[in-house]
Amino acid sequence: MFEKLETLDDLFEMQLKDLYSAEKQLVKALPQMAEAAKDGRLRRGFERHLTETENQVKRLEKIGKDLELDLDGHTCKAMEGLISEGQETMSENATEEVMDAALIAASQRIEHYEISGYGTAAHFAERLGYADAASLLRQTLEEEQLTDTKLNDLAKNYLNAKAE
Ligand code: FE
Ligand code: FE
Ligand code: FE
């Protein structure tokens with residue numbers, strides 16, 4: 001529970017804490033997803049996004065430091081759920097192509113959740129006049145959007161065709 005939620009500043013802090021928890025969970029989950037991927041491009045995509053995700057955690061830590069906010073102590077339950085659905089998928093006995101298609105489906109859900117969170121947080125930062133934070137949040141938003149696009153391209157051009 002949050003102690004106070006009265007102002008847009010409070011809500012912004014809550015959004016940051018949620019994103020911070022979500023990203024830290026992903027730093028742990030992405031290596032497993034990379035390992036489960038059969039297609040080399042998909043595996044390298046997960047590995048690249050792991051590096052980006054580690055940097056996204058650092059961006060949030062910088063924002064927390066600059067604005068003197070403690071981002072620890074909250075768990076994003078939605079990301080817990082999305083990751084556990086992904087893990088359920090990975091434990092299925094699927095063919096290689098179907099497994100990769102399922103991994104893409106799970107990770108696109110994750111990227112969309114992040115895109116939504118960062119879009120909101122960046123908008124709040126702008127409204128509140130935190131220009132540096134807004135710019136950092138927009139950088140991450142672009143990485144999430146690009147990741148989603150790449151997953152989409154992989155799915156459409158190759159994997160789904162192989163899985164048919
Ligand atoms: Fe992220
Ligand atoms: Fe959340
Ligand atoms: Fe992401």
Side-chain angles (χ1 to χ4, degrees), residues 1-5 8-37 39-67 69-90 100-126 130 132-156 159:
M1 285 288 277
F2 290 90
E3 278 169 31
K4 56 186 170 58
L5 198 55
L8 191 58
D9 259 298
D10 297 339
L11 186 59
F12 178 55
E13 179 178 355
M14 183 185 131
Q15 299 287 326
L16 291 176
K17 281 173 177 256
D18 197 67
L19 287 167
Y20 188 53
S21 164
E23 296 289 16
K24 284 196 302 176
Q25 293 182 52
L26 284 169
V27 167
K28 287 187 196 153
L30 278 164
Q32 292 171 262
M33 295 174 79
E35 206 179 308
D39 183 83
R41 287 169 296 179
L42 181 59
R43 189 170 51 247
R44 285 190 295 279
F46 283 136
E47 286 163 357
R48 199 180 316 113
H49 199 49
L50 171 62
T51 307
E52 286 178 338
T53 300
E54 286 164 348
N55 195 37
Q56 293 168 356
V57 170
K58 291 197 187 115
R59 284 190 194 119
L60 290 167
E61 284 169 348
K62 170 146 185 20
I63 294 169
K65 197 162 173 262
D66 290 349
L67 300 178
L69 300 172
D70 179 9
L71 302 185
D72 284 317
H74 168 76
T75 301
C76 173
K77 293 183 199 70
M79 190 55 74
E80 266 186 344
L82 290 169
I83 289 172
S84 93
E85 284 189 7
Q87 283 165 341
E88 238 171 72
T89 297
M90 287 187 268
D100 280 352
L103 283 169
I104 290 179
S107 52
Q108 281 197 282
R109 280 184 165 79
I110 289 173
E111 295 312 315
H112 282 226
Y113 182 76
E114 293 185 296
I115 288 165
S116 162
Y118 278 104
T120 301
H123 181 70
F124 286 177
E126 279 149 16
Y130 303 138
D132 291 349
S135 144
L136 288 169
L137 293 165
R138 292 238 170 254
Q139 284 173 42
T140 296
L141 177 60
E142 278 172 29
E143 287 173 355
E144 312 295 22
Q145 285 167 331
L146 199 61
T147 300
D148 180 56
T149 303
K150 285 181 189 161
L151 288 164
N152 226 9
D153 290 347
L154 261 184
K156 278 196 191 145
L159 291 169

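The residues of the chain are indexed from 1 along the displayed sequence. Both counts, for ligands and for their atoms, begin at 1 and track the order of listing.
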| Any side-chain donor near an acceptor of the partner, Q145 and T149, under 3.5 Å |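 Short answer, no.
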
| said: Can you count the protein N/O/S atoms lying under 2.8 Å from the Fe ion (ligand 2), leaving waters out? | reply: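 There are 4 of them.
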
| said: Tell me the angle that OE1 of E23 and OE1 of Q56 form around the Fe ion (ligand 1), rounded to 10°. | reply: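 It rounds to 90°.
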
Taking the side chain as C-beta and beyond, is there a heavy-atom pair between [X] and [Y] under 4.5 Å?
X	Y	result
H112	R109	no
L26	I83	yes
E23	M79	no

| message | Quick check for you: to the nearest 0.5 Å, what is the distance between F12 atom CZ and T120 atom OG1? | response |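 Here the interatomic distance stands at 11.0 Å.
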
Suppose we only count N/O/S atoms under 2.8 Å; would [X] qualify as near the Fe ion (ligand 1)?
X	result
T140	no
E114	yes
E144	yes

| query | Should we count CD of E35 as having more than 12 external heavy atoms under 6.0 Å? | reply |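 No, not enclosed.
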
| message | For H49, run the side-chain contact (heavy atoms from CB on, under 4.5 Å) check against M33, R44, E144 and tell me which one passes. | response |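 It is E144, the one option of M33, R44, E144 that forms the side-chain contact (heavy atoms from CB on, under 4.5 Å) with H49.
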
| task | Tell me, please, if E111 has any N/O/S atom, main chain or side chain, under 2.8 Å from the Fe ion (ligand 3)? | result |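 So E111 does bind the Fe ion (ligand 3) by this criterion.
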
| said: Less than 4.0 angstrom from a charged side-chain N to a carboxylate O is my criterion; do D153 and R41 meet it? | reply: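 Looking at D153 and R41, the cut-off is not met.
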
